[in-house]
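Step one of this worksheet: look at the structure below.
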Amino acid sequence: MMSRIALSDAVAAALAEGRPVVALESTIISHGLPRPRNLAAARHFESLLLGSGVTPATIAVIDGVARVGLNDAQLARIAEDPGVTKVSVRDLAPAMTQRASGATTVAATALLAHRAGIRVFSTGGLGGVHRGAAQSFDESADLVALAGLPITVVSAGTKSILDVPATLERMETLSITVLGYRTSRYPGFYLADSGLGMDWRVETPAEVVEVMVAQDALDLRRAILVANPLPGEKQLDPALHDRVLADALGRAEAEGVTGKDTTPFLLAYFREHTGGASLEVNVELAANNIVLGGQIAREWARRGAPDAPAGAGDRD
Ligand code: PSU
Ligand code: MN
């Protein structure tokens, strides 16, 4: 079958030579951060990896081609073209056949990264169970996608706009392994501590890689979530956070915002009502996760652990 996943030359060479690669999502660029800051952030994210000998693989669908590794013009397209939609797993195939351009969510990015043979993926904050989900059934496809893909995702926990306790319950049900990086407190995205605890804590990238190796030995093809909090002094002021969150949820309901628009709406509301402080925190936490993802990928490559062959997750 002809593959419609195109690897950039840099990503293909790095994977073929067993050098470290980290996947990066693109919805944070197109829908999570505002123009023009988003393009600067996207370039910054890639440079953090390049500077430490790790190949960045930003993932998106461009004119119907699922791309793993973007050139600068393609990054700019994702950041600047308002026609770029938010593409989750279920949108991938029609976006490809209809030659659309879309930025991939955590779910779609993880899928394409896995198909390309990449084991480590850094993002900002994972999707999860939305507040009021008992009525709306709004749970991010990120959770179900990660439940079926052997990929290590570094994130600052679950976005605090979500129902974090419910999200942790769902991750337990879905058997997504959660590792606290140098903490036992589950991070809260804009906040260093969501108020909830975690069962497992690791101290080093090497320990994360040991867990990856152990899961492979068990043939356990599920994601490992490395929950990496921002240092306390860099978090959003918790009192400001709680106030703006309450207002944001009220506005979303009053304006009838639902479905895939919910997360971008709430993030934008935060930006406007924190005087831009939430934007700085969002860029900072994503960068923090990318640096750690790079360290994990380097350790993975150093161990000589082969990346899973493309499509390995499909075998019975
Ligand atoms: N993290 C961020 N900013 C974002 C997102 C995550 O710091 O914009 C995006 C991711 O792409 C994630 C998506 O997959 O939000 C979740 O959207 P939803 O809740 O509609 O599934
Ligand atoms: Mn949703």
Side-chain angles (χ1 to χ4, degrees), residues 25-38 41 82 84-88 90-91 103 105-107 123-144 155-171 173 185-197 225 227 229-230 232-286 289:
E25 60 143 324
S26 46
T27 294
I28 185 173
I29 302 167
S30 64
H31 290 72
L33 303 171
R35 287 188 283 271
R37 183 68 197 276
N38 58 351
V84 168
T85 58
K86 177 174 164 184
V87 167
S88 196
R90 69 170 187 166
D91 308 305
T105 62
V106 167
T123 179
L126 219 56
V129 180
H130 282 262
R131 293 164 191 253
Q135 296 297 322
S136 68
F137 279 74
D138 189 355
E139 172 184 317
S140 177
D142 289 357
L143 295 187
V144 172
S155 103
T158 301
K159 283 190 277 288
S160 49
I161 57 176
L162 302 169
D163 183 338
V164 181
T167 301
L168 283 173
E169 292 291 352
R170 285 290 289 148
M171 288 198 289
T173 306
R185 309 295 302 165
Y186 190 66
F189 189 61
Y190 293 136
L191 303 177
D193 181 353
S194 68
L196 297 159
L225 172 61
L230 266 184
E233 71 275 8
K234 292 195 167 164
Q235 71 176 353
L236 200 59
D237 170 36
L240 175 66
H241 172 272
D242 293 355
R243 200 167 62 237
V244 173
L245 177 58
D247 294 347
L249 294 168
R251 280 315 306 164
E253 190 170 348
E255 292 185 27
V257 179
T258 57
K260 69 200 279 188
D261 298 333
T262 304
T263 297
F265 176 89
L266 293 173
L267 296 178
Y269 190 96
F270 255 91
R271 213 155 53 227
E272 281 165 37
H273 295 83
T274 60
S278 73
L279 169 59
E280 297 314 315
V281 173
N282 201 341
V283 171
E284 187 86 42
L285 66 86
N289 296 335

Are any side-chain N or O atoms of [X] and backbone N or O atoms of [Y], one a donor and one an acceptor, separated by less than 3.5 Å?
| X | Y | result |
| --- | --- | --- |
| D163 | R131 | no |
| N289 | L285 | yes |
| S194 | Y186 | yes |
| S26 | A103 | no |
| E25 | T123 | no |
| R271 | G32 | yes |

Next item on the list: Only one of V244, T274, D242 passes side chain to side chain contact (heavy atoms under 4.5 Å, CB included) with L236; say which it is.
Entry: T274

Notebook entry, point to check: Got more than 12 heavy atoms from elsewhere within 6.0 Å of CD, E253?
Noted result: no

Item checked: CZ (R35) with more than 12 external heavy atoms under 6.0 Å -> yes

Value rounded to 0.5 Å, distance of [atom1] in [X] from [atom2] in [Y]:
| X | Y | atom1 | atom2 | value |
| --- | --- | --- | --- | --- |
| T105 | H31 | OG1 | NE2 | 11.0 Å |
| L230 | E284 | CG | CD | 6.5 Å |
| L126 | S140 | CG | OG | 7.0 Å |

Next item on the list: Any chance you could lay out the side-chain contact (heavy atoms from CB on, under 4.5 Å) test for I28 and L33, step after step, and finish with the verdict?
Entry: CA-CA 6 Å; I28 185 173; L33 303 171; 4.2 Å; yes

Under 3.5 Å, side-chain donor or acceptor atoms of residues 256-266 against the rest of the protein: list the pairs with distances, not counting sequence neighbours.
from: K260; atom 1: NZ; to: K86; atom 2: O; distance (Å): 2.9
from: T262; atom 1: OG1; to: G259; atom 2: N; distance (Å): 3.4
from: T262; atom 1: OG1; to: G259; atom 2: O; distance (Å): 2.9

Checklist line | Close side-chain approach of V164 and L196, heavy atoms under 4.5 Å | finding: yes

If you take all heavy atoms of [X] and [Y], which pair is closest and at what distance?
| X | Y | value |
| --- | --- | --- |
| A107 | A141 | CB-O, 3.7 Å |
| Q235 | G232 | CG-O, 3.0 Å |
| S160 | H241 | OG-NE2, 2.7 Å |

Item checked: Whether Y190 and F270 hold their rings parallel, tilted or perpendicular, with breakpoints at 30° and 60° -> tilted

Margin query: Checking E280 against R37 for the side-chain contact (heavy atoms from CB on, under 4.5 Å) test, could you report, in this order, the C-alpha distance in whole Å, the side-chain angles of both residues, the deciding distance, and whether it holds?
Written below: CA-CA 10 Å; E280 297 314 315; R37 183 68 197 276; 2.7 Å; yes

Item checked: Pair V129-L143, side-chain contact (heavy atoms from CB on, under 4.5 Å): steps then yes or no -> CA-CA 9 Å; V129 180; L143 295 187; 4.3 Å; yes

Notebook entry, point to check: F189: what forms a ring-ring contact (aromatic ring centres under 6.0 Å, His included) with it, not counting sequence neighbours?
Noted result: none

Next item on the list: For side-chain contact (heavy atoms from CB on, under 4.5 Å), just list the numbers for S155 and L225, CA-CA rounded to whole Å, side-chain angles, deciding distance to a tenth of an Å, and then say yes or no.
Entry: CA-CA 7 Å; S155 103; L225 172 61; 3.7 Å; yes

